[in-house]
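Structure first, commentary second.
Keep in mind that what you see is a predicted model, and the values were worked out from it rather than measured.
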Amino acid sequence: MPVSGLPPYDGGNVFARILRGEIPAKKIYEDEHALAFHDIAPKAPVHVLVIPKGAYVSVADFSANAGAEAVAGFWRAVGQVARQLGLEGPGYRVLTNMGPDGGQEVPHFHVHIFGGRALGPMLSEP
């Protein structure tokens with residue numbers, strides 16, 4: 001179900017619950033800024049989610065309100081995860097959804113890392 005991507009933050013969302021340890025996740029990376037784990041419904045051979053540890057609804061919220069250290073730490077984590085997964089050589093895609101038209105379903109900022117095969121065009125035809 002699409003969400004607005006705008007505050008307020010809902011602390012009961014699935015990613016907030018994963019961060020609190022209330023829901024298990026197949027974690028592959030964690031530091032003070034981010035957590036990465038495998039998507040439960042992968043759309044490619046490699047499909048990982050990277051989420052910041054702060055309470056941010058979307059990329060719009062994160063870019064406007066996170067501190068410089070949190071922003072840099074998060075994006076460094078995204079790069080580290082891609083390297084860790086061996087995706088730099090063959091390539092990969094990073095995607096985030098914002099708001100209803102962007103297809104955002106979880107009201108916690110996150111990026112998808114896709115890889116493991118040729119990914120095709122960026123958008124399907126309407």
side-chain contact (heavy atoms from CB on, under 4.5 Å) against Glu105, all qualifying residues, sequence neighbours excluded: none

Hphob cluster co-occupancy, [X] + [Y], side-chain heavy atoms under 4.5 angstrom:
{"X": "Phe109", "Y": "Leu6", "answer": "yes"}
{"X": "Leu49", "Y": "Tyr9", "answer": "no"}
{"X": "Val111", "Y": "Tyr29", "answer": "yes"}

Could you measure the distance from the [atom1] atom of [X] to the [atom2] atom of [Y]? Nearest 0.5 Å is fine.
{"X": "Leu85", "Y": "Tyr92", "atom1": "CG", "atom2": "OH", "value": "10.0 Å"}
{"X": "Phe15", "Y": "Ile23", "atom1": "CZ", "atom2": "CD1", "value": "9.5 Å"}
{"X": "Gln84", "Y": "Ile113", "atom1": "CD", "atom2": "CD1", "value": "9.5 Å"}

Can you give me the closest heavy-atom contact between [X] and [Y], atom names plus distance?
{"X": "Ile18", "Y": "Ala25", "result": "CG2-CB, 3.8 Å"}
{"X": "Ser58", "Y": "Gly5", "result": "OG-O, 2.5 Å"}
{"X": "Pro7", "Y": "Val57", "result": "CA-CG2, 3.8 Å"}
{"X": "Leu119", "Y": "Ala44", "result": "CD2-CB, 4.2 Å"}
{"X": "Met98", "Y": "Ser4", "result": "CE-O, 3.9 Å"}

Side chain of Gln104, backbone of Gly99: donor and acceptor closer than 3.5 Å? yes

Output yes when a side-chain donor or acceptor of Gln80 lies under 3.5 Å from a complementary backbone atom of Ala82, and no otherwise. no

Centroid separation under 6.0 Å, is that true for the rings of Phe62 and Phe74? yes

Could you list all the side-chain hydrogen bond (donor to acceptor under 3.5 Å, both in side chains) pairs where at least one residue sits in residues 47-57, not counting sequence neighbours? Glu30-Lys53, Asp39-His47, His47-His112

Enumerate the side-chain hydrogen bond (donor to acceptor under 3.5 Å, both in side chains) contacts for residues 61-79, please, sequence neighbours excluded, ordered by first and then second residue. Asp61-Asn65

Would Val106 and Val3 count as a side chain to side chain contact (heavy atoms under 4.5 Å, CB included) if you check the C-alpha gap in whole Å, the side-chain angles of each, and the deciding distance to 0.1 Å? CA-CA 7 Å; Val106 179; Val3 298; over 6 Å; no

Note, [X] side chain near [Y] side chain (heavy atom, < 4.5 Å):
{"X": "Ile51", "Y": "Phe37", "result": "yes"}
{"X": "His108", "Y": "Pro52", "result": "yes"}
{"X": "Leu35", "Y": "Leu19", "result": "yes"}

With sequence neighbours left out, what residues match Asn97 under side-chain hydrogen bond (donor to acceptor under 3.5 Å, both in side chains)? none

Run the side chain to side chain contact (heavy atoms under 4.5 Å, CB included) test on Val46 and Leu87 for me, step by step, so that the C-alpha distance in whole Å, both residues' side-chain angles and the decisive distance to 0.1 Å come before the verdict. CA-CA 9 Å; Val46 176; Leu87 297 175; 4.0 Å; yes

Does His38 have any ring pair (Phe, Tyr, Trp, His ring centres under 6.0 Å) partners at least two apart in sequence or in another chain, and if so, which? none

Listed by chain and number, what are the salt bridge (charged side-chain N to carboxylate O under 4.0 Å, His left out) partners of Arg117, not counting sequence neighbours? none

